[in-house]
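Quick notes on the structure that follows.
We name chains A, B, ... by the order of the sequence lines, and we start the count at 1 in each one.
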2 protein chains.
Amino acid sequence: MAHRDDSVETIQQEMTAFARRARASAARMHPELSLVSYTLLAHLDDQQGCRATDLAAHYLLDKSTVSRQIAALEKLGFVERRIDPDDQRVQVLHPTEQGAQVLANVTARRRLAFRERLADWNEDDLDRFATYLQRYNAAQEGQG
Amino acid sequence: MAHRDDSVETIQQEMTAFARRARASAARMHPELSLVSYTLLAHLDDQQGCRATDLAAHYLLDKSTVSRQIAALEKLGFVERRIDPDDQRVQVLHPTEQGAQVLANVTARRRLAFRERLADWNEDDLDRFATYLQRYNAAQEGQG
DNA sequence: CAAATCACGTTGTACTATACAACTAGCTCT
DNA sequence: AGAGCTAGTTGTATAGTACAACGTGATTTG
């Protein structure tokens, strides 16, 4: 059991260290799109549009937070709202042309950065690491 | 190369997803000590005391940020300052009794949470995951 | 040695992300 | 038609952060 606990301890420490740095480093890398804006916009792109409520549920954010984030993205011209004709309350959110463009740029740069960081990993290790992360995060869904 | 890129993409997505959630979930789990306060206090404990400047350098934070974090921790009675007799400018920071106690509590609860989340992983997987995270983070040191 | 420079930390100011509560407006169901 | 639910906004407050300006003590240098 000792070894097991050591591994858990390390995982805890490393995940914590990573989380601590992520936001600031994302901000430095992509001043034009914060980590949160990025993930929201990416989700819209990925889902082909969705509601603010869906974003809030998916990212465990308050609806007011999402409302303001979306307002900011709209002001930047990266997101547009389409009122659902069947329910006037609902705004279906979509990336604009420009939003999709910026998203693609940031995504490309992020991918490049990750690729560089992982350049000296062999394929098996990459594959396993990816699988572990998915497994770890999947277990978190729904409760942090 | 296709498979390789898929893995990199997944790693990027999963790390991003994790980072997005970490702060909020830490705050929910440990309202008495934020993720940042926790890591600063843990570093002091681990290093047997250090300077504000060292914390700033290590965590890539502005010195003003560290100054305020430490002021808050001091106000809570979790940290004390000891002026370096050889250099009056320098304050060597240490956890107090109470700070060490709170730190130990939070650490124990964090450890427990991680242990539960990873309960159904076998030892080899845990070990490899821990190693991968260390390797990944080590490559980041010094530049986000 | 005196002046310039550097290092450490604090304070003023501003901004972002966030939550919670109160609210408006639209939908649903009895 | 009225009660209650849902979607989203706005007011208010807080935490974390950066940058710039500053004070003070240490170091270097002309």
Which pairs pass ring-ring contact (aromatic ring centres under 6.0 Å, His included) with one or both residues in residues 68-118 of chain A, sequence neighbours excluded?
none
Contacts satisfying salt bridge (charged side-chain N to carboxylate O under 4.0 Å, His left out) that involve residues 59-71 of chain A (not counting sequence neighbours) are none
Pairs touching residues 39-52 of chain A that satisfy salt bridge (charged side-chain N to carboxylate O under 4.0 Å, His left out), sequence neighbours left out:
A/R51-A/D54
Going by number, which of residues 32-50 of chain A have a non-hydrogen atom under 4.0 Å from DNA chain C?
A/S34, A/V36
Tell me, please, the opening and closing nucleotides of DNA chain D, 5' to 3', among those with an atom under 4.0 angstrom from a non-hydrogen atom of chain A.
D/dT6 to D/dT12
In whole angstrom, give the distance that lies between atom NZ of B/K75 and atom C1' of C/dT10.
15 Å
For A/Q91, what residues pass the side-chain hydrogen bond (donor to acceptor under 3.5 Å, both in side chains) criterion, not counting sequence neighbours?
A/R81
At what distance, to the nearest 0.5 angstrom, does CD of B/Q47 lie from CG of B/L55?
8.5 Å
With sequence neighbours excluded, residues passing ring-ring contact (aromatic ring centres under 6.0 Å, His included) with B/H43
B/H58, B/Y59
Atom CD of B/Q69 and atom P of C/dC8: how far apart are they, to the nearest Å?
20 Å
Enumerate the salt bridge (charged side-chain N to carboxylate O under 4.0 Å, His left out) contacts for residues 7-16 of chain B, please, sequence neighbours excluded, ordered by first and then second residue.
A/R111-B/E9
Please set out all donor-acceptor pairs under 3.5 angstrom arising from side-chain atoms of residues 97-108 of chain A, sequence neighbours excluded.
from	atom 1	to	atom 2	distance (Å)
A/T107	OG1	A/Y38	OH	3.1
A/T107	OG1	A/L103	O	2.8

Apart from A/L112 itself, its cluster of hydrophobic side chains linked below 4.5 Å comprises none
A correct 5'-to-3' footprint of nucleotides 19-30 of chain C, with B, S and - meaning base, sugar-phosphate only and no protein heavy atom under 4.0 Å, is BBB----BS---
Sequence neighbours left out, what passes salt bridge (Lys or Arg N to Asp or Glu O under 4.0 Å) with B/E80? Give chain and number order.
B/R82
